[in-house]
Student: 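Following this message is one structure expressed as structure tokens.
Because only heavy atoms are used, hydrogens play no part in the values below, and waters and symmetry mates are left out as well, while side chains stay in. No experiment lies behind these values; they were computed from the predicted model shown.
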Amino acid sequence: MLSGIYRIVAAGGLLFAANVQAMAEPIGVVALYKGDKSALSAMTSSHDCSIRRGGTVLARQGNLDLPELDRFAVLSCAESPLKSTALGTFLPDTAQPFLLLEGDLQEFDAAGGSQADQREYLLKLSYYTNSDPVGRSKDLAALADWVAPLEDPYRTESFLEVHRASGLRTPDEVVTLFYDSPEAGNRFREANQAVLEKVGAFNKAHLVSFVYLVAKAD
């Protein structure tokens, strides 16, 4: 069970400063699984994938129920793993969960003041209500403007618009966020209760379900 340290920290969608440069990747994949990171080796070799970010899942919070997972990876692939006619050939031969989400990946120039393995990462999986897409975009823009000048802000490293999934119903997006360190995340949450409340209101208004995965990069 998560403590108050990992309360809601960011809305779904793209939250980034206006000067962030987006770079489209051929095919984006987010893998969520339990086991050793070597479980990805068959997929990376057979579909010419490079791991953009990977690490250990430490905790979770949200109303979306997922199986027990302890690893994540964000990949860029030359070929689509989920369009493969031999999907089972690269999935681990194990009863452990192995979830794949595939779509359009954008990576952002969101350099912080720390190395990746010092950061606190958050992956957010979201299912939209789609009842008010215009309002959702406006609310995201307002949150981004509010957060940008604050001390110790979270940053967006990548965004996956999900088109296909294996192991779960296809979500709308996966956003990879980070704080420069766990301490920076604690300072931000302690100093910005109003932001957290606004994020909570966003989630309630615009998302059917979501989950935050708190993670540490390799």
Side-chain angles (χ1 to χ4, degrees), residues 1-22 30 32 52-64 66 69-74 106-128 135-160 171-207 209-218:
M1 191 104 180
L2 285 178
S3 69
I5 274 184
Y6 295 124
R7 292 169 299 173
I8 296 167
V9 290
L14 297 176
L15 295 180
F16 54 91
N19 64 348
V20 166
Q21 300 287 322
V30 171
L32 302 171
R52 316 299 285 184
R53 183 70 65 217
T56 303
V57 175
L58 303 173
R60 70 176 74 186
Q61 184 179 26
N63 62 5
L64 175 60
L66 291 179
L69 306 159
D70 57 17
R71 295 286 305 174
F72 82 94
V74 179
Q106 290 183 311
E107 296 180 279
F108 302 99
D109 182 12
S114 62
Q115 298 296 316
D117 61 358
Q118 298 173 338
R119 297 171 180 169
E120 177 181 270
Y121 273 89
L122 301 135
L123 280 75
K124 186 181 183 185
L125 282 70
S126 299
Y127 293 85
Y128 300 153
R136 184 176 72 233
S137 296
K138 289 181 177 178
D139 289 347
L140 283 172
L143 276 167
D145 289 343
W146 191 0
V147 169
L150 300 177
E151 295 290 328
D152 299 310
Y154 52 81
R155 297 175 175 88
T156 303
E157 183 171 87
S158 67
F159 169 80
L160 182 72
D172 290 288
E173 67 180 27
V174 183
V175 184
T176 305
L177 308 156
F178 70 88
Y179 292 100
D180 276 340
S181 67
E183 294 77 19
N186 289 341
R187 288 193 298 267
F188 180 88
R189 291 183 285 265
E190 290 170 2
N192 296 286
Q193 181 62 37
V195 173
L196 303 185
E197 291 174 358
K198 190 69 172 179
V199 169
F202 175 94
N203 290 339
K204 184 175 182 180
H206 298 296
L207 303 182
S209 55
F210 64 92
V211 65
Y212 293 99
L213 301 177
V214 183
K216 178 177 175 57
D218 293 332

Student: Heavy atoms, side chains only, cut-off 4.5 Å: are S181 and Q118 in contact?
Tutor: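 The answer is no; the side chains never approach within 4.5 Å.
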Student: Which heavy atom of A217 sits nearest a heavy atom of A116, and at what distance?
Tutor: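 What the structure gives for the nearest pair is CB-O, 3.6 Å.
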Student: Tell me, with the steps shown, if Y179 and D152 meet side chain to side chain contact (heavy atoms under 4.5 Å, CB included).
Tutor: CA-CA 7 Å; Y179 292 100; D152 299 310; 5.5 Å; no
Student: Say you draw a straight line from CD of E190 to CG of L196; how long is it, rounded to the nearest 0.5 Å?
Tutor: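 Interatomic distance, E190 CD to L196 CG, rounded to 0.5 Å: 10.5 Å.
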Student: Taking side chain as C-beta onward, heavy atoms only, is T56 less than 4.5 Å from R71?
Tutor: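 Counting from C-beta outward, T56 and R71 do come under 4.5 Å.
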Student: For F188 together with Y154, are the ring centres under 6.0 Å from each other?
Tutor: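 Yes, the ring centres sit under 6.0 Å apart.
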Student: How about L122 and F178: do any of their side-chain heavy atoms sit closer than 4.5 Å?
Tutor: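 L122 vs F178: side chains apart.
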Student: Going from CD on E197 to CD on Q193, what distance comes out if it is rounded to the nearest 0.5 angstrom?
Tutor: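 Output value for this atom pair is 4.5 Å.
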Student: Using 4.0 Å as the upper bound for N to carboxylate O, is an ion pair formed by R189 and E120?
Tutor: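 Answer for the salt bridge query: yes.
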Student: Working to the nearest 0.5 angstrom, can you tell me the gap between L69 CG and R60 CZ?
Tutor: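 With rounding to 0.5 Å, CG (L69) is 5.5 Å from CZ (R60).
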Student: Rounded to the nearest 0.5 Å, what separates atom CZ in R136 from atom OH in Y128?
Tutor: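 Output value for this atom pair is 5.0 Å.
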Student: Suppose we screen for side-chain contact (heavy atoms from CB on, under 4.5 Å). Which residues come up paired with N63, at least two apart in sequence or across chains?
Tutor: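 N63: side-chain contact (heavy atoms from CB on, under 4.5 Å) contacts with S209, F210.
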Student: Identify, with sequence neighbours excluded, every residue that meets ring-ring contact (aromatic ring centres under 6.0 Å, His included) alongside F72.
Tutor: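 Partners of F72 under the ring-ring contact (aromatic ring centres under 6.0 Å, His included) test: none.
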Student: Are the side chains of L160 and V74 in touch, meaning some heavy atoms are under 4.5 Å apart?
Tutor: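 Side-chain contact under 4.5 Å: no.
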Student: Rounded at 0.5 Å granularity, tell me how far CG in L177 sits from CG in L213.
Tutor: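 With rounding to 0.5 Å, CG (L177) is 11.5 Å from CG (L213).
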Student: Quick check: are there more than 12 heavy atoms from other residues, nucleotides or ligands sitting under 6.0 Å from NZ of K216?
Tutor: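 For K216, atom NZ is crowded (more than 12 foreign heavy atoms under 6.0 Å).
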Student: Side chains of K124 and N203: closer than 4.5 Å at any heavy-atom pair?
Tutor: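 K124 vs N203: side chains touch.
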Student: Stepwise, does the side chain to side chain contact (heavy atoms under 4.5 Å, CB included) test hold for L32 with L125?
Tutor: CA-CA 11 Å; L32 302 171; L125 282 70; 4.0 Å; yes
Student: Do NZ/NE/NH1/NH2 and the carboxylate oxygens of R155 and D180 come within less than 4.0 Å?
Tutor: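 Yes.
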Student: When rounded to the nearest 0.5 angstrom, what is the spacing between CD in Q61 and OH in Y212?
Tutor: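 Reported to 0.5 Å precision, the distance equals 8.0 Å.
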Student: Among residues at least two apart in sequence or on other chains, which ones pass side-chain contact (heavy atoms from CB on, under 4.5 Å) with E151?
Tutor: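 Partners of E151 by the side-chain contact (heavy atoms from CB on, under 4.5 Å) criterion come out as none, since no residue qualifies.
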